[in-house]
Amino acid sequence: MRTPYFMMVGVAFVLFTSCRKTDTPYTVPPAQENPEEVIPKSAINAFVNQQLETYGYFDWKMASDTMVWSALLHGDSILSVGYTTNSSADEVLQLTGQQVVSLQPLRTATSDKLRFIQLHVSSYATVKALRSSTKIRYAEPVGYGNYMRDVNPKDAAAASDILASGCGYNTAKTDLVAGTDYTVITPAAKLSWNYGYHRIEQAWQRSTGQRIKVMIIDTGVSPQQENLGSAFNQGLSAGRTIQKLGTYNSSPDDPCGHGTSMAGVLAGPRGIDGNTAGIAYNCDLAIVHAAENVVLLSTAAINGVTNAYVQGADDPAVKIISMSMGTLFSSGQIKDALTYAYSKQKLMFCAAGTSTSFFAGFVGVIFPANQPQVVAVTGMKDNLKDRCDNCHTGSKVDFAIVMQKSSGRNPLSIAMSGDAPSTVGGSSVATASCAAIAALVWSRYPSYPRDSIIARMARASGFANSRSSKFGWGIVNADAAVGY
């Protein structure tokens with residue numbers, strides 16, 4: 001979302017059909033119709049990086065038919081095909097030369113919502129036919145990101161840094177210092193050091209997020225963490241609900257740790273066990289296990305995120321959707337899901353990006369935070385002028401959250417188990433925090449439309465009078481946004 005005032009996008013979605021391979025084999029066009037050479041991964045990756053440097057984003061529409069076909073062969077050969085409102089899934093199959101009976105449609109929770117199908121494709125002729133048709137909105141490789149790096153995907157050691165991005169860090173901290181890293185608040189909770197920069201405690205005098213349901217799309221939630229389970233309603237957090245969903249592999253459990261961190265920052269209870277209190281500690285929460293890690297690389301992750309947005313859109317109680325994950329590759333499926341959720345009046349927050357080895361020096365706003373339907377959030381240091389060490393910035397950023405001390409300390413969150421807090425950094429924690437502030441504001445003004453919530457936040461931010469080219473409206477004052 002590039003301004004605090006949204007423009008409504010009216011799009012009618014009629015049918016989503018996802019297809020899988022059956023015992024009936026695909027009829028592949030003659031081999032001689034394929035190009036003689038497959039473009040190597042190194043050349044594809046160089047092209048992707050060039051587009052990122054030039055335009056600040058990458059879309060497969062920028063690539064040639066030969067490059068898309070080559071990317072399919074390097075990846076899992078799954079092509080996502082979005083078709084127009086005057087077309088159908090059957091017509092897509094006809095374009096590929098397949099008979100409808102050769103494929104078994106797989107209906108999902110997003111049935112009748114988004115107009116796309118997925119096909120296993122190894123034929124250049126099929127790619128060319130689909131991409132040249134006026135009935136096709138996009139035809140793009142889904143899971144090439146998993147194979148983007150020049151490593152052997154079977155070499156777990158070489159690929160581990162990419163495949164485990166953002167995972168494995170959510171453990172309790174034993175070196176937290178009272179009065180420096182946190183303040184003890186009633187009844188027996190910890191107030192993270194960065195809350196003061198956003199006047200969270202003052203905002204709590206008028207709003208704690210009650211009656212607002214927030215969905216977090218992430219890596220799930222730890223079943224061992226009772227503060228995000230049986231003890232979700234302890235202390236001053238009472239009468240609210242938590243819903244655990246799975247669109248990645250049907251399980252809501254968090255094997256990564258990142259989703260649990262985000263849930264703690266946004267909605268951790270203000271309890272009696274000494275753990276950290278979330279910013280919207282009285283909101284209702286739905287958390288979705290939608291991907292295996294923070295960087296969206298695989299077909300399963302793209303599908304998981306797509307389905308999660310549609311589930312959030314279709315839940316009338318969900319007001320806010322927060323996702324602290326992303327990728328370098330634009331996805332037609334996720335774009336459609338964002339547009340669908342936007343049409344359902346959801347307020348969506350996405351992380352601007354946190355540098356890892358996968359992003360290879362790119363510090364612009366990543367997908368889907370760079371999309372117009374969402375609010376992009378990044379992190380700042382406690383000097384109130386610099387981005388956090390690994391946070392991405394740019395003109396598409398809307399808000400910033402203070403989340404890194406000069407010492408390097410990050411905000412408190414909830415660990416995978418136990419009552420001792422963990423810490424979490426990057427644009428991820430900034431996004432969850434900003435979504436939580438929006439919950440405070442919307443709880444205070446429940447009859448307001450989405451646009452007015454963002455407008456209040458923008459007017460209460462550090463760059464309200466002169467939007468920054470790096471940090472958007474800047475640091476949000478939650479107390480001022482909630483108002484009197």
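It should be emphasised that the depicted structure is a prediction, and the values quoted were computed from it without experimental measurement.
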How long is the gap from [atom1] on [X] to [atom2] on [Y], to the nearest 0.5 Å?
| X | Y | atom1 | atom2 | value |
| --- | --- | --- | --- | --- |
| I320 | M348 | CD1 | CE | 12.0 Å |
| C434 | F399 | SG | CZ | 5.5 Å |
| D218 | T260 | CG | OG1 | 8.5 Å |
| W69 | T66 | CH2 | OG1 | 7.5 Å |
| F471 | T378 | CZ | OG1 | 6.5 Å |
| L228 | S417 | CG | OG | 11.5 Å |

Inset, instruction - Measure centre to centre between the rings of F58 and W60, then say whether the value is under 6.0 Å. - result: yes
Donor-acceptor check, side chain of [X] to backbone of [Y], threshold 3.5 angstrom: yes or no?
| X | Y | result |
| --- | --- | --- |
| K213 | A286 | no |
| H289 | Y248 | no |
| N390 | S355 | no |
| N307 | N303 | yes |
| K344 | G312 | no |
| S133 | L130 | no |
| T241 | D284 | no |
| D59 | M62 | no |

Inset, instruction - Determine, for F116 and R137, whether the Lys NZ or Arg CZ falls below 6.0 Å from the six-membered ring centre while staying within 45 degrees of the axis. - result: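 No, R137 does not lie over the aromatic ring of F116.
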Inset, instruction - Start with the C-alpha gap between R450 and Y342, add the side-chain angles, then the distance that decides, and say whether side chain to side chain contact (heavy atoms under 4.5 Å, CB included) holds. - result: CA-CA 10 Å; R450 169 185 58 197; Y342 189 81; 3.3 Å; yes
Legend entry - Whether over 12 other heavy atoms sit under 6.0 Å from Y57 OH: no
Legend entry - Contact summary for A430 and M403, nearest pair of heavy atoms: CB-CG, 4.3 Å
Could you check whether any side-chain heavy atom of [X] comes within less than 4.5 Å of a side-chain heavy atom of [Y], counting everything from C-beta outward?
| X | Y | answer |
| --- | --- | --- |
| M262 | S428 | yes |
| I216 | L285 | yes |
| M215 | Y309 | no |
| V402 | H198 | yes |
| M457 | V375 | no |
| L296 | I334 | yes |

Inset, instruction - Before accepting this row, confirm whether a basic side-chain N of the pair R467/D398 lies closer than 4.0 Å to the acidic partner's carboxylate O. - result: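 A salt bridge links R467 with D398.
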Inset, instruction - Only one of I302, L338, D336, V305 passes side chain to side chain contact (heavy atoms under 4.5 Å, CB included) with S331; say which it is. - result: I302
Legend entry - Contacts of type salt bridge (charged side-chain N to carboxylate O under 4.0 Å, His left out), residue K61, not counting sequence neighbours: none
Inset, instruction - Fit a plane to each ring of Y144 and H74, take the angle between them on a 0 to 90° scale, and name the class: parallel (under 30°), tilted (30 to 60°) or perpendicular (over 60°). - result: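 Plane angle between 30° and 60°, so tilted.
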Inset, instruction - Begin with the C-alpha distance, continue with both residues' side-chain angles, and end with the deciding distance and a verdict on side-chain hydrogen bond (donor to acceptor under 3.5 Å, both in side chains) for Q311 and T247. - result: CA-CA 9 Å; Q311 285 196 29; T247 59; 5.7 Å; no
